[in-house]
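Here's the structure, in structure tokens; my notes come after.
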Amino acid sequence: IRIVGVGHHASKGLRGGAVIDMDAAQSTILTAISAAEELAGERIREVMVNVSGGGLASQTYSVEAPVSGREITEADLRSVLSQGNGIEQPEDRELLHCIPVGYKIDATRGIRDPRGMYADMLGVDVHIVSARTAALRNVATCVQRCHLDIEATVAAPYASGLACLVEDEIDLGVTLV
């Protein structure tokens with residue numbers, strides 16, 4: 001990643017990560033985007049939205065898929081992970097992330113990468129992160145009013161972890177405050 005421009009502005013129209021004033025939030029976004037565009041000498045068209053409010057919640061689920069005693073392939077991993085993405089959320093919540101946290105083959109847990117192994121059943125524990133649909137729509141509406149497309153929506157705690165932790169810390173487990 002190469003940073004070519006930065007824009008920032010005091011947050012207005014938001015409280016606790018949730019939109020409380022659409023016009024003020026839109027103005028804040030436009031001001032920050034304009035400053036970044038000026039420094040970069042480029043027009044910004046797409047953004048990644050970092051969500052810190054909106055009632056973020058997470059849960060861990062286990063899903064399994066049969067592999068019938070054959071070698072586990074990348075397609076098998078995609079298949080079992082897609083089951084995690086398909087876990088029904090309550091009507092008022094939207095899925096942000098489906099993060100694999102550990103695999104199991106048959107009854108053996110703690111598998112880091114099951115590709116190339118043989119098993120009857122492939123399982124994965126997934127960490128699901130969701131937010132309230134209405135809160136996400138409010139943020140999206142503000143961003144879209146600024147003539148920006150949303151490339152992705154990311155939970156702020158997850159983005160912070162990805163930005164500042166190294167692989168060893170992630171493997172050992174950490175608390176990010």
Side-chain angles (χ1 to χ4, degrees), residues 1 11 14-20 22 25 29 46-68 70-144 148-177:
I1 294 176
S11 176
L14 298 163
R15 182 173 296 136
V19 176
I20 59 168
M22 294 282 265
I29 293 167
E46 294 180 334
V47 294
M48 295 183 83
V49 176
N50 195 352
V51 178
S52 59
L56 290 174
S58 66
Q59 247 182 316
T60 302
Y61 295 92
S62 292
V63 292
E64 289 186 328
V67 287
S68 305
R70 61 178 170 70
E71 183 178 353
I72 297 169
T73 65
E74 184 69 35
D76 295 318
L77 292 183
R78 281 194 307 271
S79 173
V80 76
L81 287 173
S82 72
Q83 287 183 32
N85 279 317
I87 292 172
E88 287 292 318
Q89 296 298 307
E91 198 171 295
D92 64 334
R93 301 201 66 80
E94 189 171 320
L95 178 73
L96 292 180
H97 304 289
C98 177
I99 307 160
V101 292
Y103 293 95
K104 68 178 180 178
I105 54 174
D106 299 328
T108 306
R109 291 188 167 279
I111 308 292
R112 289 180 186 237
D113 185 357
R115 287 176 284 207
M117 298 176 132
Y118 292 83
D120 291 318
M121 292 294 288
L122 170 63
V124 63
D125 292 331
V126 290
H127 189 81
I128 301 288
V129 181
S130 65
R132 285 193 305 268
T133 302
L136 292 177
R137 284 186 186 158
N138 290 334
V139 170
T141 299
C142 287
V143 170
Q144 290 164 346
L148 297 167
D149 292 326
I150 298 175
E151 183 178 326
T153 305
V154 182
Y158 182 52
S160 296
L162 291 176
C164 70
L165 298 174
V166 296
E167 192 173 330
D168 287 349
E169 293 169 327
I170 293 169
D171 286 345
L172 291 171
V174 297
T175 299
L176 184 66
V177 179

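Please read all numbers here as calculations on a predicted model, not as lab measurements.
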Please indicate whether R70 has more than 12 foreign heavy atoms, meaning atoms of other residues, nucleotides or ligands, lying under 6.0 Å from its CZ. yes
Closest contact, heavy atoms only, H97 versus A155: NE2-N, 3.0 Å
Heavy-atom check, side chain of I128 versus side chain of C98, under 4.5 Å: yes
Side-chain donor or acceptor of D106 paired with backbone N/O of D120 under 3.5 Å: yes
Answer yes or no: does atom CD of E46 have more than 12 heavy-atom neighbours from other residues, nucleotides or ligands under 6.0 Å? yes
Any E151 side-chain heavy atom under 4.5 Å of D149 side chain: no
Side chains of V154 and L162, heavy atoms from C-beta outward: is any pair under 4.5 Å? no
Is it the case that over 12 heavy atoms from other parts of the model lie below 6.0 angstrom from the CD atom of E91? no
What heavy-atom pair brings P100 and V126 nearest, and what distance separates the two atoms? CA-CG1, 4.2 Å
Can you measure from CZ (R109) to NZ (K104) and round to the nearest 0.5 angstrom? 4.5 Å
Does any non-hydrogen side-chain atom of Y158 lie less than 4.5 Å from one of I99? yes
Atom CD1 of I72 and atom OG of S79: how far apart are they, to the nearest 0.5 Å? 11.5 Å
Are side-chain heavy atoms of L122 and L77 found at a separation under 4.5 Å? yes
Spell out, as yes or no, whether a donor-acceptor pair under 3.5 Å connects the side chain of D76 to the backbone of T73. yes
Can you tell me if E169 uses its side chain to pair, donor with acceptor, with the backbone of V166 under 3.5 Å? yes
Spatial distance of atom OH (Y103) from atom CZ (R115) [nearest 0.5 Å]: 7.5 Å
Out of curiosity, I105 CD1 to M121 CE, how far, rounded to the nearest 0.5 Å? 12.5 Å
With the side chain counted from C-beta on, respond yes when R93 and R132 share a heavy-atom pair under 4.5 Å apart, and no when they do not. yes
With V139, which of T153, V49, N50, I29 fulfils side-chain contact (heavy atoms from CB on, under 4.5 Å)? V49
Say whether T133 and D92, considering side chains only, have a donor N or O and an acceptor N or O under 3.5 Å apart. no
L14 side, atom CG; I20 side, atom CD1 - distance, nearest 0.5 Å: 7.5 Å
What pair of heavy atoms forms the shortest contact from A131 to L96, and how long is it? CB-CD1, 4.0 Å
What is the minimum heavy-atom distance between V129 and S58, and which atoms define it? CG2-CB, 4.2 Å
For the CG atom of L136 and the CG atom of L56, what is their distance to the nearest 0.5 Å? 8.0 Å
Heavy-atom closest contact (G54 atom, A135 atom, distance): CA-CB, 3.4 Å
